[in-house]
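Below you'll find the structure, written out as structure tokens, and then a few comments.
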Amino acid sequence: MLLFGLGTFAVIAMLLYFFWCPKSARSLPFPPGPPRDPVIGHLRYMPTKNRATVFHTWAKTYGDVMYLDILGKPTIVLNTARVAVDLLNKRSSIYSDRPRFTSYELRVWLGTVKIRPNRTISRTGWATTLSLMPYGRRFNLHRQLHQSYLNRRKCREFKPIQTLEAQSLVKNLLESEPLNYSKMINRYESGVIAQVVAGHKICSDEDPYMRTTQALMESLGRSGAPGTSRIDLFPFLKYLPKWFPGSESVALARDCRPILRQLYEFPLQAVQKQMEKGVAKPSFLLTQLDQMGERVDFEDIRWAAAAMFGSTQVWSSLTVFILAMLLHPEYQYKAQREIDAVIGTSRLPAFEDRDHLPLVESIMQETLRWHPPTELGVPHRLMKDDVYQGMFIPKGSTVFANIRAMSLDRSIYSAPESFFPERFLPKPAGKEEPRFSSAYGFGRRICTGQYLGDQSLWIGIASILATCRISNVNDERGNVIVPDASTIMRTSHPNDFQYIISPRGPKAEELITEVNLEAEFSSLPSANLA
Ligand code: HEM
């Protein structure tokens, strides 16, 4: 009898849930948003440039959670860290999928497979690289692969590599023509990743890892962020001929294929060859190949490694740091005085100094906040209908965390447009404002490279400040050219601007020329494969 009663109760509860809850949720209003057109929704108003900043402006009218309808596709923009934490962190079990974008699929195309004698299908790899992978079993496996090698504790082991790469960076900057500075900073980020992923040292721009990552960046830059291109809005364009207006973005996305293919194949092959010869250095690929079991196959290892290569955020942030030092030279001098007082001038910075250099730390944290390198994050996708603060958010919504808007939140940061590192220092010298953790994203999709990126950024900034003087260039008449941040920072990655990097003094130059990087790098541990 009791069982019968419980059974009846369960059936009624389920019926109520299916018939009453979803209906009542669907009768709630969508989050507010700008006025829209019939059928096409907000398509006409969607900004093609500076989207994060435009959304931030709209948020002043429509609020922290904004609803946009793009050709019937619901899109949600979260404009404060509070709402992003509420939804993407606290409800991460339903907010951790990624939307499918045609531009992703066209980029990551793996060729055709014959499934029957007279039938072949295209294999797109959109589901194979972690940052684009749908939520599910394979996603969990790839996250585990990343986290097992990039967690906070494991990343401590990479400090010697990062320190030497940062010393290579300043050496390269001091020896380069200004036109090549950006390349050198990119080489630094790619250099750390190539070491960690494949145990490989990048020595020149002709290096295969360098060429491939650079080609990837250029190609991604040309085809735009996924979700913004025409083929994402009109996927049918991929079936139309090249001359059809609007289908240029299809060709641009397809340009990426051979590059991504190389990134996917080359590192694993290279490490396998080194293993055969017994010369492989410790790396993510070596560890995974060594431990490979039934759960993980070559395909998983290849793609998990390739997903680490595409990162450009350290490159962007170091460039933003340089821009900040040009616009606020006082911080350059103050931080250099701090370094001289703590480290002296007879050695280069090391990670052990980090806790003793509060201003250098604050400059790094403020760089991430002042212009976060990923302004709109990577979009999440909602897997179930949801209700938040009386608003209905439909299943399948594309959800953007507007990281740029979060960095400008006046209820958290005073004068948020200003570069003001002391905001993070304790009172009374500072304002004890919280560090900007939103830069790394949210929930189960939070950046897997956050500890590696944090370390690369810190040692990069500390090494540049300790050894280099960053200065403006002069025009033909001798007037100083001060860069204009508003035109340079139109996207997450700064546009080119002019500056000069010179040695801070004879002592710094001596330190950099004295260090024998080749010997230091070769003294890093080799893997014992015996
Ligand atoms: C300053 C450095 C970095 C910043 C600010 C940054 C920021 C971000 C952000 C905002 C996301 C999107 C998170 C979300 O969807 O909520 C992300 C994802 C990701 N990042 Fe980073 N990143 C940095 C460095 C790196 C590095 C060095 C690597 C590689 C070793 C990396 C690998 C990834 C991967 C694989 C994802 C996708 C995670 C997933 O979809 O589950 N990132 N990053």
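Counting starts at 1 for both ligands and their atoms, following the listed order.
For the 3.5 Å distance criterion, the side chains of Ser407 and Arg404 qualify, holding a donor opposite an acceptor. A donor-acceptor contact closer than 3.5 angstrom is absent between the side chains of Asn79 and Asp64. A side-chain donor from one of Tyr135 and Arg444 sits under 3.5 Å from a side-chain acceptor of the other. Using modelled atom types, one finds a donor on one side chain and an acceptor on the other under 3.5 Å when comparing Tyr331 with Glu422. With 3.5 Å as the limit, one finds a donor-acceptor pair spanning the side chains of Ser311 and Gln313.
A donor-acceptor pair under 3.5 Å is formed between the side chain of Gln455 and the backbone N or O of Cys155.
In terms of protein heavy atoms, atom 12 (C) of ligand 1 is closest to Val378 CG2, 3.7 Å. Nearest to atom 13 (C) of ligand 1 among the protein's heavy atoms is Arg445 O, 3.2 Å. The closest protein non-hydrogen atom to atom 36 (C) of ligand 1 is Ser131 CB, 4.2 Å. For atom 29 (C) of ligand 1, the nearest non-hydrogen atom of the protein is Met308 O, 3.6 Å. The protein heavy atom nearest to atom 2 (C) of ligand 1 is Gln313 CB, 3.5 Å.
Short contacts between ligand 1 and Arg98, defined as distances under 4.0 Å to a heavy atom of the residue, involve ligand atoms 14 (C), 15 (O), 39 (C), 40 (O). Of all atoms in ligand 1, numbered sequentially from 1 with element shown, those under 4.0 Å from a heavy atom of Phe139 are 41 (O). Listed by number with element, the atoms of ligand 1 under 4.0 angstrom from any heavy atom of His146 are 35 (C). Of all the atoms in ligand 1, the ones that sit under 4.0 Å from a non-hydrogen atom of Thr448 are 32 (C), 33 (C), 34 (C), 35 (C). Close contacts of ligand 1 with Ala439, meaning ligand atoms under 4.0 Å from a residue heavy atom, involve 5 (C), 7 (C), 10 (C). Against a heavy-atom cut-off of under 4.0 Å, Arg143 is close to the following atoms of ligand 1: 38 (C), 39 (C), 41 (O). Distances below 4.0 Å separate heavy atoms of Ile403 from the following atoms of ligand 1: 10 (C). For ligand 1 and Pro373, the ligand atoms under 4.0 Å from any heavy atom of the residue are 5 (C).
Residue contacts with ligand 1, taken as heavy atom pairs separated by less than 4.0 Å, do not involve Leu132 at all. Counting heavy atoms closer than 4.0 Å to ligand 1, residue Gln450 contributes nothing at all. Of all the heavy atoms of Met133, none lies under 4.0 Å from any atom of ligand 1, so neither backbone nor side chain is involved. The part of Ser311 lying near ligand 1 is the side chain, judged by heavy-atom distances below 4.0 Å.
Side-chain contact between Tyr413 and Leu408: absent, with no pair of heavy atoms (C-beta onward) separated by less than 4.5 Å.
A ring-centre distance under 6.0 Å is not found for Phe436 and Phe424. Ring centers of Phe351 and Trp458: under 6.0 Å apart, within the cut-off. In this structure, Tyr451 has its ring center at least 6.0 angstrom away from the ring center of Tyr440.
Of the N or O atoms in Ser317, none lie within a sub-3.5 Å distance of an N or O in ligand 1. Between Leu457 and ligand 1, no N or O atom pair is found at a separation short of 3.5 Å.
Taking only non-hydrogen atoms, the option from Met364, Glu375, His380 nearest to atom 14 (C) of ligand 1 is His380. Nearest-residue assignment for atom 17 (C) of ligand 1 (options Gly449, Cys447, Ser96; heavy-atom criterion): Cys447. With Tyr451, Tyr440, Trp315 as candidates, the residue nearest to atom 4 (C) of ligand 1 on a non-hydrogen basis is Tyr440.
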Next item on the list: Could you go through the ring-ring contact (aromatic ring centres under 6.0 Å, His included) check for His328 and Phe419 one step at a time?
Entry: CA-CA 8 Å; His328 304 279; Phe419 183 83; 5.5 Å; yes

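Using bins of under 30°, 30° to 60° and over 60° for the plane-to-plane angle, the ring pair His200/Tyr209 lands in the tilted bin.
For Lys154, the NZ atom counts as densely surrounded, since its 6.0 Å shell holds more than 12 non-hydrogen atoms of other residues, nucleotides or ligands.
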